[in-house]
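In this chain, residues are counted from 1 in sequence order. The shown structure was predicted, so the numbers you read here are calculated from the model rather than taken from an experiment.
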Amino acid sequence: GPPVTGGTTQGEESACEMSSSRAAVDYDALEATTAIEDITNDEYSQEILRSLRDDDGDVTRLCICDEAYDIGDYRPESSEELDWLGHFAKKSTHLDEFGMCESGAFNKCSQQSIDGFFEDIGKCNRIRKFYFHCINDLPEIIRKLDPAIKNNNITHCTLEECGLRETDVNHIFAAFRDMTG
């Protein structure tokens with residue numbers, strides 16, 4: 001639209017802030033009218049999003065990574081794409097493994113979308129395996145995944161080349177100890 005030259009009223013400002021907030025987007029309502037092709041141009045990513053949306057069981061593993069090599073590997077190219085990925089993932093009844101490889105996989109996403117994505121993953125109640133490789137900010141990610149850890153019966157957790165301090169290790173063990181499963 002045209003550039004804004006004047007000020008906005010308090011009501012207009014609140015509406016603008018709300019429209020940019022992830023929480024204000026009703027993905028359930030938009031799902032029926034949003035084409036997967038409008039979310040991403042990448043055909044491989046489209047397949048994963050479609051499978052998670054349709055809950056067809058083709059995607060049981062989701063790994064956020066810099067490069068996609070295996071089925072379920074995903075590199076989000078925008079905040080909106082990450083928001084949709086989280087929306088579809090949290091509804092999947094087949095997603096039983098979540099992982100991350102390389103810390104730069106979220107470089108094109110806002111912190112708000114990243115936080116929302118982990119909140120969505122935290123709502124997945126079928127995840128049994130976690131896998132993290134070369135994640136520099138693992139303690140922060142584990143804290144965001146606490147709900148998923150506590151609400152699932154995690155059977156495997158693999159950490160490779162992730163730097164952890166003693167307090168981080170203690171937190172991870174405490175989170176697994178508090179699992180309900």
Side-chain angles (χ1 to χ4, degrees), residues 22 27-28 31 36 39-40 42 44-77 79 81-106 109 111 113-181:
R22 182 180 188 276
Y27 287 95
D28 286 320
E31 193 173 324
I36 295 291
I39 297 170
T40 180
D42 183 83
Y44 180 75
S45 295
Q46 289 173 3
E47 288 178 37
I48 292 172
L49 289 171
R50 191 172 291 109
S51 179
L52 289 170
R53 180 197 64 196
D54 297 346
D55 201 22
D56 60 16
D58 287 348
V59 175
T60 60
R61 172 190 165 278
L62 181 62
C63 183
I64 305 300
C65 51
D66 285 343
E67 298 293 329
Y69 297 109
D70 295 319
I71 295 172
D73 286 358
Y74 201 99
R75 181 177 184 176
E77 294 293 329
S79 293
E81 185 178 342
L82 184 63
D83 292 346
W84 279 108
L85 180 64
H87 172 74
F88 294 138
K90 75 179 174 191
K91 295 168 60 173
S92 173
T93 60
H94 300 283
L95 190 62
D96 67 2
E97 184 176 344
F98 175 75
M100 289 186 63
C101 298
E102 310 296 330
S103 292
F106 290 129
C109 303
Q111 189 61 50
S113 288
I114 295 166
D115 292 345
F117 173 76
F118 284 118
E119 184 179 312
D120 286 343
I121 292 297
K123 294 175 183 174
C124 294
N125 62 359
R126 297 196 183 275
I127 294 177
R128 301 289 177 259
K129 299 176 184 177
F130 280 129
Y131 171 79
F132 299 98
H133 179 74
C134 292
I135 303 298
N136 298 332
D137 50 352
L138 184 64
E140 180 183 337
I141 291 169
I142 292 292
R143 282 176 176 74
K144 290 176 184 179
L145 290 173
D146 277 352
I149 293 170
K150 290 178 182 175
N151 297 324
N152 287 294
N153 186 18
I154 305 298
T155 59
H156 294 82
C157 181
T158 304
L159 309 176
E160 292 182 18
E161 299 181 43
C162 299
L164 296 171
R165 297 181 314 253
E166 183 179 349
T167 55
D168 303 328
V169 172
N170 290 339
H171 176 84
I172 292 170
F173 280 121
F176 283 106
R177 182 189 62 232
D178 294 339
M179 280 190 316
T180 58

- Message: Check Asp28 with Lys91, please: is the shortest side-chain N to carboxylate O separation under 4.0 Å?
- Response: yes
- Should the pair His87 and Trp84 be assigned to parallel (<30°), tilted (30 to 60°) or perpendicular (>60°) ring geometry? perpendicular
- Taking side chain as C-beta onward, heavy atoms only, is Leu49 less than 4.5 Å from Tyr74? yes
- Quick one: do Glu102 and Ile64 satisfy side-chain contact (heavy atoms from CB on, under 4.5 Å)? Show the steps, please. CA-CA 8 Å; Glu102 310 296 330; Ile64 305 300; over 6 Å; no
- Item | Min side-chain heavy-atom separation Leu95-Phe98 under 4.5 Å | no
- Decide yes or no for Asp42 and Glu77: does some side-chain heavy atom of the first lie under 4.5 Å from some side-chain heavy atom of the second? no
- Sidechain-backbone polar pair: Ser113 side chain, Asp83 backbone, donor-acceptor under 3.5 Å: no
- Heavy-atom pair of closest approach, residues Asp120 and Gly86: OD2-C, 3.2 Å
- Item | Least distance between heavy atoms, Arg143 atom then Asp168 atom | NH1-OD1, 4.2 Å
- Heavy-atom check, side chain of Tyr44 versus side chain of Arg75, under 4.5 Å: no
- Do the non-hydrogen side-chain atoms of Asp146 and His171 ever get within less than 4.5 Å of each other? yes
- Contact check, side chains of Asp55 and His94, non-hydrogen atoms, under 4.5 Å: yes
- Got Phe132 and Leu145 here, is their nearest side-chain heavy-atom distance under 4.5 Å? yes
- Item | side-chain contact (heavy atoms from CB on, under 4.5 Å) between Ile149 and Phe130, worked out | CA-CA 9 Å; Ile149 293 170; Phe130 280 129; 3.4 Å; yes
- Message: Can you confirm whether Phe88 sits close enough to Ile48 that some side-chain heavy atom of one is under 4.5 Å from a side-chain heavy atom of the other?
- Response: no
- Heavy atoms of Ala89 and Ile121 approach each other most closely as CB-CD1, 4.0 Å
